[in-house]
Amino acid sequence: MRQSHQLSLVGFLLFSLIPSQLCTICEVSKENFSRLNPLINTMINSKYSKGIQAANVLLSLKLVGIQNQNLEQQLIQQVHDNEENKDLTSGQLALLILALGACQNSDETFVYSYLVSQLEKKFQEEIKNMEVHHGNPLTNYYQLSLDVLALCLFNGNYSITEVTNLFTLENKNFYFGGQFSVDTGAMAVLALTCVKKRIVNGQTETDEENFKHINNHTQSLVKKILSEKKENGLIGNIFSTGEAMQALFVSSNYYNKNEWNCQQTLDTVLKEIPRGAFRVPTAAAQILPALMGKTYLDLTKNSSCASGSGNLNISTQEPVSVAPTSSPSYILVHYSVKINETYSTNVTVPKGSVFLDVMEEAQKINEAVFRFTVVESSWGPYITSVQGLKANNNHRTYWELLSDNKPVSQGVGSYVVHNGEKLEVRWSKY
Ligand code: B12
Ligand SMILES: *[C@@H]1O[C@H](CO)[C@@H](O)[C@H](O)[C@H]1NC(C)=O
Ligand SMILES: *[C@@H]1O[C@H](CO)[C@@H](O)[C@H](O)[C@H]1NC(C)=O
Ligand SMILES: *[C@@H]1O[C@H](CO)[C@@H](O)[C@H](O)[C@H]1NC(C)=O
Ligand SMILES: *[C@@H]1O[C@H](CO)[C@@H](O)[C@H](O)[C@H]1NC(C)=O
Ligand SMILES: *[C@@H]1O[C@H](CO)[C@@H](O)[C@H](O)[C@H]1NC(C)=O
Ligand SMILES: *[C@@H]1O[C@H](CO)[C@@H](O)[C@H](O)[C@H]1NC(C)=O
Ligand SMILES: *[C@@H]1O[C@H](CO)[C@@H](O)[C@H](O)[C@H]1NC(C)=O
């Protein structure tokens, strides 16, 4: 008995050590670094009204070796102003920890340890909420993955068995409206990879069992992510591709070389930069690390953050300017709110207006029917209620944005509307 257990442990250790060495990346070459400038400019020159909005950006800049004292101070201020961090969601707190803890020298590897304990609590609250509300977390699995990643990297306490049981591909939280969320799957792969590396140091039979299961989950998630690869190399859509790349970098032992042409993905993303795909700072922040061959797992590696910084040309030019508004010409769009019934109107707005402008115009026309509320999030304004009817994570309800009956891939603050378009805000379930 004892003997066989030891033998299997040896096998287990060999199995676990070898794959963890592999990490295949592709990255932008030095000659082409200047093509990343628009991303860096967007991140550095944007104004962040709340510190937490800058967490993604600070994390990303640090990973590619750019210091930004100003943003770091904003985040530290947030921590001090808000001792309990009560109004932060678990994932926001996790991002705060990742951003503040990133790229410290090994002799100062220290993030406020009380932040990590607060995250332990918030992670438990997510799980408790799942137990009471039909498996629905307070937030979502993207954030639970951020939680696990931060706890794993910064030595927080969490149950590996719990994590193993949560992150199975069959879990409904990997899907929104039946569609696999590549962003979520990618973040989960990063988190599970971190957890897996830690198990190598533990050696109980439970660890061994969990290790096998986590391997299986990772394998299925990677397969699913690759199945979302498009002809042009994007994975999911342009906004999920950066994190999908990171996930594939750290899991290259789970797929064959011919299953993913990293260079093709990289080239397609580079072409999208000058077209303005990453004008939202969070979008820029989420794509940049992968383009420089970095992943969120690198952020506690000593000194790995700094390499490359010397080669980047940081020019603090004005941010990419939007087309100048000459004498405004107007366009007509159709707008409706759909709950059970559909409420419609026609709205005239200046050319170049965004979805939010249309909603505001409609609200002026008929306050009772078209009133709405927004909150400012890291991606910009997020619609939380229309006609007083509020989105609710426990019920998986939200306000979906559509154009000509198809969901749009940007928020109300970014989506530019065009003449004759049929816009809709629909009460939906994910
Ligand atoms: C979970 C999630 C949702 C959930 C949010 C509710 C929940 N249960 O948490 C649901 C499914 C409802 C959702 C809806 C939408 N989403 Co969404 N969502 C995400 C996801 C996977 C994680 C967000 C998160 O928790 N981040 C971490 C926390 C710490 O940051 P946070 O800022 O506090 O998070 C909040 C906001 O991100 C907000 N939020 C979620 N989605 C969106 C989208 C926009 C445009 C805005 C402004 C805010 C927002 O909800 C989060 C929780 O409160 C991201 C993926 C990603 N890469 O970020 C996509 C993502 C942000 N969503 C996206 C989109 C397009 C939408 C929709 C506009 C889709 C649609 N056609 O209706 C709607 C939003 C409409 C509205 N009401 O304003 C895009 C945004 C791309 C862009 N350039 O703007 C992303 C990047 C996915 C993608 N790859 O395309 N989403
Ligand atoms: C720089 O980018 C161009 C266009 O994508 C590509 O053809 C070229 O090979 C890149 N240069 C290097 C050194 O990779
Ligand atoms: C760690 O968390 C687990 C549950 O996730 C809990 O049972 C255990 O008591 C915690 N240990 C410490 C030292 O806090
Ligand atoms: C892993 O997956 C394979 C096939 O998908 C299955 O046969 C095996 O039992 C799984 N192992 C564990 C530990 O779940
Ligand atoms: C960490 O990196 C710094 C600077 O690169 C170096 O001086 C130090 O020795 C490194 N520490 C360890 C433990 O590798
Ligand atoms: C950096 O910018 C300077 C001037 O703006 C230029 O001369 C130099 O070639 C650039 N270096 C790189 C690596 O792009
Ligand atoms: C929509 O109609 C259904 C069936 O009549 C009803 O149960 C539900 O409450 C309605 N939803 C809203 C948001 O009014
Ligand atoms: C909006 O305009 C279209 C024609 O452009 C018309 O068919 C429709 O009836 C109008 N709807 C409303 C609610 O005024």
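Atoms within each ligand, like the ligands themselves, are counted from 1 in listed order. Note that these values count all heavy atoms, side chains included, but never hydrogens, waters or copies made by symmetry.
For ligand 3, the atoms lying closer than 4.0 Å to a non-hydrogen atom of Ser159 are 5 (O). Shown in contact with Arg35 at under 4.0 Å from a heavy atom are these atoms of ligand 2, numbered in order with element: 2 (O), 3 (C), 4 (C), 5 (O). Heavy-atom proximity to Gln124, at under 4.0 Å, picks out these atoms of ligand 3: 5 (O). Numbered from 1 in the order shown, with element, the atoms of ligand 2 that lie under 4.0 Å from a heavy atom of Glu31 read 13 (C). Listed by number with element, the atoms of ligand 2 under 4.0 Å from a non-hydrogen atom of Ser29 are 11 (N), 12 (C), 13 (C), 14 (O).
Using 4.0 Å as the threshold, Lys30 has no heavy atom nearer than that to any atom of ligand 2.
Applying the side chain to side chain donor-acceptor pair (under 3.5 Å) definition to pairs two or more places apart or across chains, those involving residues 334-343 are His334-Asn346.
Leu115 places a side-chain heavy atom less than 4.5 Å from the side chain of Leu100. Within the 4.5 Å cutoff, the side chain of Val354 has no heavy atoms near those of the Tyr415 side chain.
Aromatic ring orientation, His213 versus His217: tilted (interplanar angle from 30° to 60°).
Side-chain rings of Tyr430 and Tyr175 stay apart, their centers remaining 6.0 Å or farther from each other. Ring to ring, Phe174 and Tyr141 are close: their centroids are under 6.0 angstrom apart.
Contact record, Glu126 with Leu138: OE1-N, 2.9 Å, taken as the closest heavy-atom pair.
Trp399 and Thr384 form no side-chain donor-acceptor contact under 3.5 Å, judged by distance and modelled atom types alone.
At under 3.5 Å, a nitrogen or oxygen of Asn32, whether backbone or side chain, sits near a nitrogen or oxygen of ligand 2. At least one N or O atom of Asn157, backbone or side chain, sits closer than 3.5 Å to an N or O atom of ligand 3.
Of the charged side-chain nitrogens involved, none lies within less than 4.0 Å of a carboxylate oxygen, so that Lys128 and Glu131 do not count as a salt-bridged pair.
For the pairing with Pro281, the side-chain contact (heavy atoms from CB on, under 4.5 Å) check across Ser46, Ser60, Ser378 returns one residue only, Ser46.
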Between ligand 8 and the protein, give all atom pairs where both partners are nitrogen or oxygen and the distance is under 3.5 Å, as lines of names plus distance to 0.1 Å.
residue	atom	partner	partner atom	Å
ligand 8	2 (O)	Asn346	ND2	2.4
ligand 8	11 (N)	Asn346	ND2	3.1
ligand 8	14 (O)	Asn346	ND2	3.3

